[in-house]
Novice: 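Below is one structure. I have some questions about it.
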Amino acid sequence: MKKILFSLIMALAAVPVFAVEFESGEFKANIYGEIYGDAFYTYSESYGQSSNSFGSEAFVGSSLLGVELTYGNVTGTFEAGLADPVQRFFLTYRFNGAEDHYLVVGRDTTIAAYSFGQVSQDLGSLNDLGTLADNDRLQIRYGIKGFELAVIFPSLGGGWNSDNTDDTGYKLSAVDLEGNALYTPFNVLPRVELAYTYTNDTLEFKVFGAYGAYMYSDNSNAVSDIVFHSYNIGFGGQADFGNSFLQFTGWYGANLDLMDALGNYKSRVVSVQNNNKISMFLDDGVTKAENIQSAGVAIGLGHTFNEKYTPQIGVGYTLNFGDGYGKIDDSLGAYLNCIIQINEWFAITPEIAYINKMQDSAGEKEGYDFIAGAMASVVF
């Protein structure tokens, strides 16, 4: 599979690749795409056990083909991928044709996050390692002069449009000590996200925040219904200094696994001892919700030589803590790569990355990953 993949990438590199564009009066059509091919070796140590692996993730995970149709002030966008056949689809209405005043309805990328840098782990971008993840979710979003307000509907459409859920809605691991189910989810309110982005010739600076309420109902009526509050607040951006640039982000939040912005502690079970993670409900009578607080920071540096070579280095740190934690559960990530721009549509990025999972909530060392390899990208 890897030989076939890279043969395809090199074949595409041998001939010109252009987006297909068509225009007739007020109607415009544009077909575009992103194709990724990667191969990475990973050496892992986890709780004293070591392993080796070699594989590819980005071709299936992030490659896409898109179609954009515009008539007057209305644009329809559809993107299909291999792992997600309906990756994004949304309508954009631009008020009086303005680029900075618009309404978006459909499945588009969430706005309460900022990430960058790392290309391994399927364009991992230091997610869970100092940055928050964005996701494609059904939403209504209003934007004007850099300000955006989005209402997210993460429980509609089944697993392809759900945060940490299945087709029936929000459902986390809530079992008693014998493995019997205790809770089933109640309906979930839409989530609200806000962002403001300031840009000029040398600076992009974004502030963002999100809030959602996640309600759980007890079928046995043994205890009262429980509401989890999931939220974040943060900032991120890039400052340019000639051919050099600085990327940065910082944030704080709680219960971020519920909105899939953070994923390194998703398993919420009653027994803290069995998982070495915090539980959703106390195992003493199952009477109380426990909240997980998180914070993170990441920074990256890069420089472009001759408009062709862009070496980058970055590091990020995330920590999780709460009443049910014995210790802080934290993780550290770092990457060193170089974007080699072969031409305007084809690039190769070799990278090495180090991920230290540090300690879990019980204070036990979790291990680390060392990753080395390269990614090829065709963007047209």
Novice: Please test F208 against Y196 for side chain to side chain contact (heavy atoms under 4.5 Å, CB included), starting from the C-alpha separation and ending with a verdict.
Specialist: CA-CA 7 Å; F208 56 84; Y196 175 74; over 6 Å; no
Novice: Is a donor from one side chain sitting under 3.5 angstrom from an acceptor on the other, for Y47 and Q49?
Specialist: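 No, Q49 and Y47 have no side-chain donor paired with an acceptor closer than 3.5 Å.
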Novice: Other residues, nucleotides and ligands only: do more than 12 of their heavy atoms fall within 6.0 Å of CG on L319?
Specialist: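 Counting neighbours around CG of L319, more than 12 heavy atoms of other residues, nucleotides or ligands fall under 6.0 Å, so yes.
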Novice: Does OH in Y41 sit with more than 12 non-hydrogen atoms of other residues, nucleotides or ligands closer than 6.0 Å?
Specialist: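 Correct, the count exceeds 12.
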Novice: Centroid separation under 6.0 Å, is that true for the rings of Y93 and F95?
Specialist: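 Ring-ring flag for F95/Y93: true, centres closer than 6.0 Å.
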Novice: If you measure from the Lys or Arg side-chain nitrogens to the Asp or Glu carboxylate oxygens, is any gap between E366 and K357 under 4.0 Å?
Specialist: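 Here E366 does not pair with K357 in a salt bridge, since their nearest N and O are not under 4.0 Å apart.
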Novice: With ring centroids as reference points, do Y231 and H229 lie under 6.0 angstrom apart?
Specialist: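 Here the rings of H229 and Y231 have centres that are no less than 6.0 Å from each other.
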Novice: Do Y36 and D38 meet the criterion of a side-chain donor-acceptor pair at a distance under 3.5 Å?
Specialist: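 Result is no, nothing qualifies.
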Novice: Going by the side-chain hydrogen bond (donor to acceptor under 3.5 Å, both in side chains) test, name the single residue among N135, D136, D134 that passes it with T109.
Specialist: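 Single pass found, and it is D136.
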Novice: Would you please indicate yes or no on a ring centroid separation below 6.0 angstrom for Y142 and H101?
Specialist: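 H101 vs Y142: aromatic centres under 6.0 Å.
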Novice: Taking atom CZ of F27 as the centre, does the number of heavy atoms from other residues, nucleotides or ligands within less than 6.0 Å exceed 12?
Specialist: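 Enclosed.
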Novice: Could you give all pairs that pass the salt bridge (Lys or Arg N to Asp or Glu O under 4.0 Å) test and reach residues 91-103, with sequence neighbours left out?
Specialist: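 Qualifying pairs, neighbours excluded: R94-E99, D100-K145.
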